[in-house]
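First up is the structure itself, then whatever we jot down about it.
Sequential numbering from 1 along the given sequence is applied to the chain's residues.
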Amino acid sequence: MAQARVKARSARRESVFGERFALFAECLLTGVWIAVACLGVVTYPAAFAAGARHLRRRTTHEDGGLREFVEDFRAAVRGGWVVGLAGWAAVATVRVDVLAARAGIPGGPFVGAVGVLALIGLAVALLRAAADWAPGRAWRALLVDAGRRTVLDPAGSFLVVCGLAVVSLSAWFVAPLAVPVLGAVAGAAVAVEQRYRHR
């Protein structure tokens, strides 16, 4: 009897480990899908939204694979490309601020620092919005809600920033590593959103 309990307990541990490792592997695969979907330059919000929805399905043990990812991407890109375009405009604006700060314009360093912090906040809000996306939901409403959560849940936002830092460091050390790690960032955003709902 005692032996049966020990075997059942060890089988349970293996299955939990196996399930978590499978989820990590799924994150890495999803990162590749996200990277390919981002090749459209302004499609990165839709790519992250489709990746996050795929990972949400995986954590709730629903079926879904590449076909569902592509369907979600097509649905998300309808309004998501405008968000992607606005994101690039924000990056260009912050770049001008940083160049002004380097040129020695009075107050430039302060304006540059504020611009960089605002860009990081926008990136976090975008990832949180993508993690909450579902077909039929408007991007504007998603971004407004995500912006509120970004401010009200600083711990969760910090975790997303850490995920972005991991991608940046991966790309700096070994560029190809940044591709699969994109899925880990999407997974982190999904986990942060689930944590926020269950607080």
Side-chain angles (χ1 to χ4, degrees), residues 18-88 120-150 152-153 155-164 166-167 170 177-199:
E19 186 175 332
R20 289 181 181 163
F21 186 78
L23 181 60
F24 175 68
E26 197 70 32
C27 283
L28 298 181
L29 175 63
T30 304
V32 175
W33 294 350
I34 290 171
V36 171
C38 285
L39 292 176
V41 182
V42 294
T43 57
Y44 61 91
F48 273 100
R53 186 145 192 263
H54 171 73
L55 293 173
R56 282 198 319 263
R57 273 195 300 268
R58 179 69 176 86
T59 57
T60 56
H61 304 289
E62 295 175 35
D63 289 334
L66 182 58
R67 180 182 298 161
E68 288 77 13
F69 174 86
V70 171
E71 288 172 4
D72 287 338
F73 175 72
R74 285 182 181 158
V77 83
R78 287 187 194 113
W81 71 270
V82 176
V83 176
L85 193 61
W88 284 117
I120 291 170
L122 287 172
V124 170
L126 176 65
L127 283 169
R128 293 187 79 153
D132 203 29
W133 178 86
R137 296 199 61 192
W139 277 99
R140 180 178 297 203
L142 283 169
L143 287 167
V144 168
D145 291 343
R148 193 175 299 119
R149 290 192 305 274
T150 298
L152 296 176
D153 180 25
S157 298
F158 178 71
L159 290 173
V160 176
V161 169
C162 289
L164 290 170
V166 168
V167 170
S170 299
L177 266 183
V179 171
V181 173
L182 289 173
V185 172
V190 168
V192 164
E193 288 301 298
Q194 288 179 349
R195 171 189 160 275
Y196 182 79
R197 280 192 206 97
H198 299 302
R199 281 194 324 175

If I take atom [atom1] from residue [X] and atom [atom2] from residue [Y], how far apart are they, to the nearest 0.5 angstrom?
| X | Y | atom1 | atom2 | value |
| --- | --- | --- | --- | --- |
| Arg140 | Leu142 | CZ | CG | 12.0 Å |
| His54 | Glu26 | NE2 | CD | 3.5 Å |
| Leu126 | Phe48 | CG | CZ | 8.0 Å |
| Trp133 | Leu143 | CH2 | CG | 13.5 Å |

Thinking salt bridges, do Arg149 and Glu193 make one under a 4.0 Å N-O criterion?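 Yes, this pair counts.
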
Salt-bridged, Asp72 to Arg57, with N to O below 4.0 Å?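 Answer for the salt bridge query: yes.
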
With a 4.5 Å cut-off on side-chain heavy atoms, are [Y] and [X] touching?
| X | Y | value |
| --- | --- | --- |
| Gln194 | Thr59 | yes |
| Pro135 | Glu71 | no |
| Ser157 | Arg128 | yes |
| Cys38 | Ile34 | yes |
| Val192 | Tyr196 | no |
| Val167 | Leu182 | yes |
| Asp145 | Asp132 | no |

Test side chain to side chain contact (heavy atoms under 4.5 Å, CB included) applied to Val41 and Trp88, step by step: CA-CA 9 Å; Val41 182; Trp88 284 117; 3.6 Å; yes

Over 60° means perpendicular and under 30° means parallel, so classify the ring planes of Phe69 and Trp33, tilted if in between.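 The rings of Trp33 and Phe69 sit tilted, inter-plane angle from 30° to 60°.
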
Evaluate whether atom CZ of Arg67 has more than 12 neighbouring non-hydrogen atoms of other residues, nucleotides or ligands under 6.0 angstrom away.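 Count not over threshold, so no.
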
Distance-minimising heavy-atom pair for [X] and [Y]:
| X | Y | value |
| --- | --- | --- |
| Ala52 | Ala130 | CB-O, 3.7 Å |
| Leu177 | Pro180 | O-CD, 3.2 Å |
| Ala47 | Ala37 | CB-CB, 3.5 Å |
| Glu62 | Thr60 | OE2-OG1, 3.0 Å |
| Cys27 | Gly187 | SG-CA, 4.4 Å |
| Val181 | Ser170 | CG2-OG, 4.1 Å |

For Val185 and Leu164, run side chain to side chain contact (heavy atoms under 4.5 Å, CB included): C-alpha distance rounded to whole Å, both residues' side-chain angles, the deciding distance at 0.1 Å, then the answer. CA-CA 7 Å; Val185 172; Leu164 290 170; 4.3 Å; yes

Does Trp81 offer a backbone N or O that forms a donor-acceptor pair with the side chain of Trp139 under 3.5 Å?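 Judged by distance alone, no pair lies under 3.5 Å.
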
Kindly indicate, with the supporting measurements, whether the criterion side chain to side chain contact (heavy atoms under 4.5 Å, CB included) is fulfilled by Leu66 and Val70. CA-CA 6 Å; Leu66 182 58; Val70 171; 4.2 Å; yes

Before you tell me yes or no, could you show the steps for Arg195 and Asp153 under side chain to side chain contact (heavy atoms under 4.5 Å, CB included), namely the whole-Å CA-CA distance, both residues' side-chain angles and the distance that decides it to 0.1 Å? CA-CA 10 Å; Arg195 171 189 160 275; Asp153 180 25; 3.0 Å; yes

